[in-house]
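Please read the structure below before turning to the comments.
Not measured: the values here are computed from a predicted model. Below, read A as the first sequence line, B as the second, and so on, with proteins coming before strands; counting in each chain starts at 1.
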Protein chains: 2
Amino acid sequence: MAEVEKHHADATTFSKTITKSELYETALVSASSLFDSQTFWPSNLANAASLCWYAFEALEMRVNWSGFYVSSSCLKTKPDGNEEMLLLGPFMGRVACQTIKIGRGVCGTAASTKITQVVPNVLEFPGHIACDGDTMSEVVVPLVDSEGVVRGVLDIDCLIVNGFDEVDVEFLEKLAKLVTDACEW
Amino acid sequence: MAEVEKHHADATTFSKTITKSELYETALVSASSLFDSQTFWPSNLANAASLCWYAFEALEMRVNWSGFYVSSSCLKTKPDGNEEMLLLGPFMGRVACQTIKIGRGVCGTAASTKITQVVPNVLEFPGHIACDGDTMSEVVVPLVDSEGVVRGVLDIDCLIVNGFDEVDVEFLEKLAKLVTDACEW
């Protein structure tokens, strides 16, 4: 009997009949499997961004950007005299700002505080940086490695106010930890 | 009078009333502007993947993957004794294979020959690597730097046979050159 061939892309096809928690559980299992023995951060972050995007799509959430900024310490050679900043990494969505100062905007605040930022309405966040004027709410989770060093942030934008609840945030924090631990920085 | 604020994301909003050549011309102008003074390859490749994706979407082409594989020479530290290979980089689309051997599949062939591979039907390409079983045609453009070194490949997949014509290929080759020249590898 012919067996149906499995492809990497199948990891982003989710059942429509499961609960949100079950879907996130499935996504995290897929993530673990994808990151297994893969240490190159661009590969893992790119697959993680895609996994989030299609999980949110299956949940019919109106997410318009799902991706990463990485710390400039990931550069092979650090530019002399330049302060540490966040640089655009792999993402799904429309073209985005390439550099963000640590401490600035929602991403920069997550990086400087090492605390997840949940912003129900970006217009009310002081110093919010708009890469896309249509974004209304945002979650940013810092990528903190086992030594406490911030390696980047996972950034998710949504077209509606109050786009994320605590179940979403818990999923994103688990995914951020999985991917951070898998990568060689 | 209030001026409409411009955002990075606007670079991926294309007019529906222009010809394909005009749309590609616009996309290349946006690309030049996005890459200006940006040398970090993950940022530039991520924005380039997004720009392609939304250009093809505006043209109603059935592109299901738009992104990059990079040469393992981009790693900060190269694993001892490991042969050069292609590693998954930034992309738009579903989760994909993380590593490809140079010379294997469409991507590996573009990297080893330094010649653009246009594959009207992937099922007829010897040794085709299927990350997504739905892909039917593919274009892969090598990223060759000014010294002739292959830094990676730009890979575009389409859900229909014969998905790309010579105008598409010309655009992708111009974009590949722009992004390769902009980056510090």
Cluster question for you: counting only ILVMFWY and a side-chain heavy-atom cut-off of under 4.5 Å, with indirect links fine, are Val63(B) and Leu23(B) together?
yes
Given Thr13(B) and Arg94(A), is the side-chain contact (heavy atoms from CB on, under 4.5 Å) satisfied, shown in steps?
CA-CA 9 Å; Thr13(B) 305; Arg94(A) 292 189 183 275; 4.0 Å; yes
Considering all heavy atoms, the nearest Gly93(B)-Tyr54(A) contact
O-CE1, 3.3 Å
Applying a heavy-atom distance below 4.5 Å, give me the residues of residues 97-114 of chain A that approach chain B, sorted by number.
Cys97(A), Gln98(A), Thr99(A)
Counting heavy-atom pairs under 4.5 Å with chain A, which one of Ala9(B), Gly67(B), Gly133(B) comes out on top?
Ala9(B)
Show the nearest heavy-atom pair for residues Ala11(B) and Val95(A), with the distance to one decimal.
CB-CG1, 4.3 Å
Test of understanding: clusters of I, L, V, M, F, W, Y form through side-chain heavy atoms closer than 4.5 Å, transitively. Do Val139(B) and Leu178(B) belong to the same one?
yes
Assigning hydrophobic clusters by single linkage (Ile, Leu, Val, Met, Phe, Trp, Tyr; side-chain heavy-atom cutoff under 4.5 Å), is Met92(B) placed with Phe35(B)?
yes
Of the listed Ser30(A), Ala48(A), Ala46(A), Ala49(A), the one with the largest count of heavy-atom pairs under 4.5 Å with chain B is Ala46(A)
Is any side-chain heavy atom of Pro42(A) less than 4.5 Å from a side-chain heavy atom of Phe68(B)?
no
Heavy-atom distance under 4.5 Å to chain A: side chain of Leu34(B), backbone, both or neither?
both
Is Val167(B) reachable from Phe171(B) through a run of I, L, V, M, F, W or Y residues, each pair having side-chain heavy atoms under 4.5 Å apart?
yes
In this structure, would Val153(B) and Leu51(B) fall into the same cluster of hydrophobic residues linked by side-chain contacts under 4.5 Å?
no
Among residues two or more places apart or on two chains, list those pairs meeting salt bridge (charged side-chain N to carboxylate O under 4.0 Å, His left out) that have a residue in residues 167-177 of chain B.
Lys20(B)-Asp168(B), Glu170(B)-Lys174(B), Lys177(B)-Asp181(B)
Heavy atoms only, distances under 4.5 angstrom: which of Gly89(B), Pro90(B), Ala96(B) has the most pairs with chain A? Name it, please.
Ala96(B)
